[in-house]
Amino acid sequence: MAVTGRLGLLALFGALVVGLLLPSAAGMLAVAAVLLVLVVVDLVLAGSVRSLTFARSGDTSVRLGEPCEVTLVVANPGGRTVRGQLRDAWPPSAAAADRHALRVPAGERRALVTPLRPTRRGDRTAARVTVRSVGPLGLAARQGSHAVPWTVRVLPPFHSRKHLPSRLARLQQLDGRNAVLIRGQGTEFDSLREYVIGDDVRSIDWRATARAADVMVRTWRPERDRHVVLVLDTGRVSAGRVGDAPRLDAAMDAALLLAALASRAGDRVDLIAYDRRLRAAVQGSSGASLLTSLVNAMAPLEPSLVETDARGMVAEVLRRTRRRALVVLLTGLDAAPLEEGLFPVLSSLTGRHELVLASVADPRVAEMLAARGDAAAVYDAAAAARTTAERLRVTERLVRHGVSVVDAVPEELPPALADRYLALKAAGRL
């Protein structure tokens, strides 16, 4: 490009000399004519943009906030060198370094690497590739665009995986691997022992008692091969932002941790995302493929600014889940949507399944509740107190209906939900 620029400067200098040697009017016309000829010659000698061919390779998926790379191979089948600039355009949320200097000799190819660091979940699709081919004098250029499709799927980040080792250690204890037995209402029988005060009388083994001198009770291991259904509410309440992300993202993080834990416990995990219609579903995946299926199903989900059809959501859960299961509903604790939507159909769900409702709390509410100092802060504290009281009232009503409620800020919700799952396991309710 430096040589090209010098040639252009020399051409301009020559045109100016011609203009100085001729009378003023004629000189101006001569300069214009010389420049026009130089521009036309430069444009003719510029490498062809239309004849270029392109191919892509590289990453097709990446976790949110992590870097990835997409390689663009440019081939020049023409007879002249293509030199200039190339822009590999992506959506702004892909955060792509998309501008490249380009020089492809005739009959050769070059590989250009575009780094990306996406800032939003979902599919990020490449836009058009635009090439500007500059002539040897640097006075004119050809420009053209080409469609070179490529999509990078941006997956949920799964920050809560750091809590998985400690919960797996507790699961091992519950599972009897550390010789810890529990009493419960499960069906996976472990052994017999003598009755002690406080044991559930339903655990008494009457046949064993008749053969022994003491009353004998059964002990149980935590049940395996249970069914866990994760239900993501993608309606209006999931669109509210807590910090820098919508509530839906925090709910996804909690769902992923619980899914990883339940899968390691030997339970079957399904996913339903619903607002007024089914947005995503994962069913039948297990083992190593489960998390892959879940993150790929969650990646393109976005909150819908509509009120969730709770009746349709419950009907979808009941249709897909015939046997008793643990249903984990990740939604809000706002009074109005629950009273108008979920409460009228709650009994049909709790009558057949164990229900846990997990909600993302806003830490800003606690900050406002503690604020004092001026009139504005006092009014904020009053509003926060009213919000907190309404959430407590709704929580108490849900508990009376047999629902377990987990209400925590985004960072604390995933481990809190995992702990509730382990507690249900320990109590033999799964």
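What you see is a predicted model, and the numbers here were worked out from it, not measured in a lab.
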Next item on the list: Mind running side-chain hydrogen bond (donor to acceptor under 3.5 Å, both in side chains) on T151 and D123 for me, showing each step along the way?
Entry: CA-CA 6 Å; T151 299; D123 292 337; over 6 Å; no
Is a side-chain N or O of [X] found less than 3.5 angstrom from the main chain of [Y], in a donor-acceptor match?
X	Y	answer
T119	S93	yes
R63	E66	no
R87	T130	no
D334	P337	no
R372	L369	yes
R153	N296	yes
R121	L301	yes
T388	A384	yes
S289	S285	no
D267	H227	no

Note to self: For E108, is the CD atom crowded, meaning more than 12 foreign heavy atoms sit under 6.0 Å from it?
What the structure shows: yes
Note to self: Quick check on D244: does its CG atom have over 12 non-hydrogen neighbours (other residues, nucleotides or ligands) under 6.0 Å away?
What the structure shows: no
So, [X] and [Y], do they make that salt bridge, N to O below 4.0 Å?
X	Y	result
D419	R170	yes
R320	D270	no
R393	E396	no
D249	R247	no

Would you mind reporting whether [Y] and [X] have side-chain heavy atoms less than 4.5 Å apart?
X	Y	answer
L72	V129	yes
V113	V70	no
T125	W150	no
V360	D407	no
D362	V409	no
L256	M298	yes
I272	V317	yes
L398	L333	yes

Would you give the length of the straight line joining atom [atom1] of [X] to atom [atom2] of [Y], rounded to the nearest 0.5 angstrom?
X	Y	atom1	atom2	value
L171	R167	CG	CZ	12.0 Å
L52	R110	CG	CZ	12.5 Å
R132	Q143	CZ	CD	4.5 Å
E69	S57	CD	OG	10.5 Å
L330	L232	CG	CG	5.5 Å
H353	L318	NE2	CG	5.0 Å

Margin query: So which atom in Y421 and which in A265 form the shortest heavy-atom distance, rounded to 0.1 Å?
Written below: OH-CB, 3.4 Å
Checklist line | Y274 to E316 - nearest heavy-atom pair and separation | finding: CE1-CB, 4.2 Å
Next item on the list: For F343, enumerate each residue passing the ring-ring contact (aromatic ring centres under 6.0 Å, His included) test, keeping only those at least two apart in sequence or located in another chain.
Entry: H401
Item checked: Pairing residues for F158 by the ring-ring contact (aromatic ring centres under 6.0 Å, His included) criterion, not counting sequence neighbours -> none
Next item on the list: Evaluate the criterion side-chain contact (heavy atoms from CB on, under 4.5 Å) for residue pair L102 and Q85; output intermediate values, then yes/no.
Entry: CA-CA 5 Å; L102 182 67; Q85 298 287 327; over 6 Å; no
Margin query: With salt bridge (Lys or Arg N to Asp or Glu O under 4.0 Å) as the rule and sequence neighbours excluded, what pairs involving residues 276-300 come up?
Written below: D275-R279
Notebook entry, point to check: How about D233 and T308: does a side-chain donor come under 3.5 Å of a side-chain acceptor?
Noted result: yes
